[in-house]
Structures are given as structure tokens and as C-alpha cells.
Amino acid sequence: MIERISIVVPCFNEEAALPFFYEELESIRKKLEQADIEYIFIDDGSKDQTLAVIKELAKNDEERIRYLSFSRNFGKEAALYAGLQHATGEYIAVMDADLQDPPELLPEMLSLLRKKTYDCVGTRRVTRNGEPPVRSFFAKQFYKLMNHISDTEFVDGARDYRLMTRRMVKAVLSVSEVNRFSKGIFSWVGFDTYYLPYKNKERIAGETSWSFWSLFNYSLDAVINFSDVPLTFASLIGLLSFFVSILFLVFIVIRALIFGDPTAGWPSLVTITLAIGGLQLFCLGIVGKYVGKTYLETKKRPLYILKETDQTNRENK
Ligand code: UDP
Ligand code: MG
């Protein structure tokens, strides 16, 4: 029996990388045993010629290439979700378009899944060569922190790149929250995952769309989506400052009893007011973050809006 692997590829401004990507995967496809590939390219509102490049590729390989195009940039998470929804294969892979996820691992991933012990074969970078050291440092700290404050496991260096069985993808799709952090969701749904280690690769062409701040925001998403420890932290700080103030009160009363009350202490008063005010605002901010996320979640807006797909284009012909 020939099995089908769907390859979900989110693309944002990837006109330069896509031809290399397709070529590389085609050479892998020919080496696969008893398996064929279905490509699902998701054009995430690219500003360049990405969609045109995809269409050009699709023209020559109508049977295997499918695509979805968003009405604007909805982000990689939305693109992944759309791709998983539209994939039809027995096995489904998610892969970046820039060849940073080595396609040559695919045959090994496939044979591991076929043994039926795992539902997912993920990949883990063991080096971070070619990445700014500051970014690597913060990434490391992030994983450490997340594993402390969340019940969900976050594997350091794990990529989104993975091959999954259909039942795992079904589970991932059933998590339909708007604020998505896929790495967490993949882990949260359970199923046994095997991680293949590999050495980091630099992107083949084009530029990364992640700045330091966008990564920072993304990690905040992860914290808020997978942990409520910051909320506990807020009440802990409140409790702590309450106890400190009680101690202080006792101290002041005793001092007044012994030495009388010379009405000094304006500076200390201001300091205390400022400190408590600051803490209150800080905690309010934490609570606000969660309320904001809840607000977005309750709107139940769709995760993405399609502009066109290979299907619509076929119908128009
Ligand atoms: N991507 C996307 N939408 C976005 C940003 C990125 O679909 O808004 C895609 C991008 O085209 C690539 C993948 O997500 O296929 C990973 O992006 P990138 O290579 O920029 O991230 P990095 O590898 O630097 O973490
Ligand atoms: Mg990349």
C-alpha cells in the first residue's frame, strides 16, 4: 500500500526559498518507500511573489501540490492550523519553507512512525550555530522557566518540524484556541513523541521574520497559555507586602510608645507608597494580560481568512 505524507509548509515572504525547498523535497520523495507526498503550501499574506511561485510550482505538479492563501498575514500559528485542517495524508509533517528543517530526516521519521510505537517523531536542534548568542541564551532560559511553571513539557531545542499520525493531528486540531503556541499544544495533547537530534542549519534564502521583540512576545504567549503561575505570583507579592507592612506597623507602634511621636518619616512614607503602588500596578498588569487573552478567546473569531486556494482556482477554470 502506498501511504501519503502531507507536508504542511507555512510561507511568509518565501519567494526565494521555495524553489530550493521543492527541489530538495522532490529528491527525498523519490527515495521514500511505499509513500507519496502531498504538499500543502500556506501563503500567509506574503508581500512578495510567494503565491505566484507556489502557483507556478502547482501548475507543473497539480496532483501533489495544494495551496491556501490568506487574506492577510495571520502568523505562522494560524498557517499551521489551516494546513493541518486541509491535510489528507495518513501521516502529516509540518516543515518550514527555508530548509532549516532538514527534509533528509523524513525517511527515518517515517520508518519510526510505521513501527507504531510513536505517534509523533519530532526534531530537536542540538546546536544553535549561526544564531545570535543573545537569542540562544534567552531561548535556553525560556525553556528552563517554562518547565518550572507549566505542567506541559517543553523540550529545549525542539522544533515545530515533526511527522505525526492522523490521530495526533486530530487531537491538535481539537485544541482550537485563538492564542496558539503550537509547541505547547503538540506536547499538551500527549501521545508518545520521539525526538531526533540534528545540527542547526541556516536558512537557504530570504530572511527570518522574527525580531527579538516578536520572539519575546511569542514567549509571553507561551507563558500565559500554559501557566497560571504568574497569577499566583501576583497574589504572593501582595501577601508578602501585607506581612511586611504588619511588621512595620508593630515596629512603629512600639517605637512611638517608647520614644513618643516626633512626626518624622515623610521620606519613608513616600517610598512605601511608591513601592506598594508599583507592585499593585505590576500585579494588575499580570491580571490584565490574562483578562486580555480571555477577551480575545471569547470573541471566537476564525483563526484565518482564506483569499483563495487551489480548489477555488480549479473551479474557476
Ligand atoms: N512564517 C509564516 N508566517 C509568519 C512568519 C513566518 O508563515 O508570520 C513561516 C516562514 O515562512 C517559515 C516559518 O514560518 O516557513 C519559520 O519562519 P522563520 O524561518 O522566519 O523563523 P526562524 O526559523 O527564524 O525561527
Ligand atoms: Mg527559519
Side-chain angles (χ1 to χ4, degrees), residues 6-25 39-54 57 65-87 93-103 105 122-125 127-140 142-143 154-162 178-186 198-219 221-222 303-307 309:
S6 301
I7 310 235
V8 171
V9 195
C11 310
F12 178 60
N13 296 345
E14 299 283 8
E15 59 176 9
L18 272 176
F20 295 107
F21 175 85
Y22 179 67
E23 197 182 321
E24 186 82 17
L25 264 130
Y39 298 91
I40 301 177
F41 292 109
I42 301 98
D43 163 38
D44 184 13
S46 300
K47 300 266 180 287
D48 65 359
Q49 293 304 307
T50 300
L51 183 60
V53 173
I54 295 175
L57 292 174
I65 299 187
R66 298 176 47 213
Y67 60 86
L68 312 164
S69 180
F70 287 178
S71 59
R72 64 168 171 86
N73 180 248
F74 280 90
K76 183 183 174 185
E77 294 293 333
L80 280 183
Y81 192 80
L84 293 180
Q85 266 184 330
H86 288 81
V94 293
M95 211 187 274
D96 287 357
D98 55 10
L99 285 179
Q100 276 190 304
D101 299 334
L105 295 179
T123 53
R124 196 166 62 83
R125 282 191 293 189
T127 63
R128 283 174 174 268
N129 301 339
E131 201 183 59
V134 185
R135 197 167 145 173
S136 306
F137 173 78
F138 278 105
K140 265 222 147 64
F142 166 73
Y143 282 107
F154 288 78
V155 178
D156 187 10
R159 301 274 300 174
D160 284 342
Y161 179 30
R162 57 191 61 227
V178 184
N179 297 289
R180 300 183 75 75
F181 185 76
S182 285
K183 252 175 242 169
I185 296 174
F186 289 142
Y198 75 98
K199 291 208 174 72
N200 190 36
K201 283 183 154 190
E202 297 198 34
R203 71 167 27 245
I204 184 116
E207 269 170 37
T208 174
S209 34
W210 294 94
S211 67
F212 187 78
W213 280 114
S214 58
L215 276 176
F216 179 76
N217 268 325
Y218 190 52
S219 50
D221 268 351
L303 275 104
Y304 58 87
I305 305 282
L306 287 177
K307 187 171 65 184
T309 69

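Read the numbers this way: they start at 1 and go in the same order the structure lists the ligands and their atoms. From a predicted model like this one, the values you see are computed outputs, not experimental measurements.
- Note: Phe41 and Tyr39 have parallel aromatic rings, judged against thresholds of 30 and 60 degrees for the angle between ring planes.
- By the 4.0 Å N-to-carboxylate-O rule, Lys76 lies close enough to Asp96 to be salt-bridged with it.
- At the top of the distance list for atom 1 (N) of ligand 1, counting protein heavy atoms only, stands Phe12 CB, 3.7 Å.
- When atom types are taken as modelled, the side chain of Asn73 and the backbone of Gly45 share no donor-acceptor pair closer than 3.5 angstrom.
- Looking from atom 9 (C) of ligand 1 to the surrounding protein, the closest heavy atom is Pro10 O, 3.6 Å.
- With respect to atom 8 (O) of ligand 1, the closest heavy atom belonging to the protein is Asn73 ND2, 3.1 Å.
- Close contacts between ligand 1 and Glu14 involve ligand atoms 10 (C), 11 (O), 12 (C), 15 (O) [criterion: under 4.0 Å to a heavy atom].
- The backbone N or O of Pro133 sits nowhere less than 3.5 Å from a side-chain atom of Arg135 that would complete a donor-acceptor pair.
- Heavy-atom proximity to atom 16 (C) of ligand 1, evaluated over Asn13, Leu80, Asp96, is greatest for Asp96.
- Of the heavy atoms in Ile42, none comes closer than 4.0 Å to ligand 1.
- Remark: ligand 1 and Arg159 share no N or O pair separated by less than 3.5 Å (distance only, no angle test).
- Using a 4.0 Å cut-off between heavy atoms, Ala97 contacts ligand 1 through both its backbone and its side chain.
- Shortest contact from atom 24 (O) of ligand 1 to any protein heavy atom: Thr208 OG1, 2.7 Å.
- Under 4.0 Å from ligand 1, the heavy atoms of Asp44 that appear belong solely to its side chain.
- Closest to atom 14 (O) of ligand 1 among all protein heavy atoms lies Lys76 CD, 3.3 Å.
- Using a 4.5 Å cut-off on side-chain heavy atoms (C-beta onward), Thr309 and Arg66 make no contact.
- Counting atoms of ligand 1 from 1 in the listed order, those under 4.0 Å from a heavy atom of Gly75 are 3 (N), 8 (O).
- At most 12 heavy atoms of other shown residues, nucleotides or ligands fall within 6.0 angstrom of atom CD in Gln49.
- Ion pair Asp156/Arg124 not flagged as a salt bridge, since none of the NZ, NE, NH1 or NH2 atoms sits closer than 4.0 Å to an Asp/Glu carboxylate oxygen.
- For Arg135, the closest heavy-atom approach to ligand 1 falls below 4.0 Å.
- Within the 3.5 Å criterion, the main-chain N or O of Asp43 finds no donor-acceptor partner in the side chain of Thr50.
- Protein heavy atom at the shortest distance from atom 18 (P) of ligand 1 is Arg203 NH2, 3.4 Å.
- Contacts classified as salt bridge (charged side-chain N to carboxylate O under 4.0 Å, His left out) and involving residues 77-87 (residues at least two apart or in different chains) are not found.
- By the 4.5 Å heavy-atom criterion applied to side chains, Arg180 and Ile185 are counted as neighbours.
- Screening the protein for N, O or S atoms under 2.8 Å from the Mg ion (ligand 2) yields 2; no waters enter the count.
- Scanning the protein for heavy atoms near atom 5 (C) of ligand 1, the closest one is Ser209 OG, 3.3 Å.
- Protein heavy atom closest to atom 21 (O) of ligand 1, with residue, atom name and distance, is Trp210 CD1, 3.0 Å.
- Here Asp44 does not pair with Arg72 in a salt bridge; the nearest charged N to carboxylate O distance is not below 4.0 Å.
- Per-residue contacts place Gln100 under 4.0 angstrom from the following atoms of ligand 1 (heavy atoms of the residue considered): 19 (O), 22 (P), 23 (O).
- The six-membered or imidazole ring of Phe138 lies away from that of Phe216, with a centre-to-centre distance of 6.0 Å or more.
- Inter-residue side-chain proximity for Tyr161 and Pro102 is flagged as met; some heavy-atom pair is nearer than 4.5 Å.
- Side-chain contact between Ile305 and Phe70: absent, with no pair of heavy atoms (C-beta onward) separated by less than 4.5 Å.
- Taking every non-hydrogen atom of Asp98 and a distance limit under 4.0 Å, the qualifying atoms of ligand 1 come out as 19 (O), 23 (O).
- Interatomic distance, Ser46 OG to Glu15 CD, rounded to the nearest 0.5 Å: 9.0 Å.
- Within the listing of ligand 1, atoms 7 (O), 11 (O) sit less than 4.0 angstrom from a heavy atom of Cys11.
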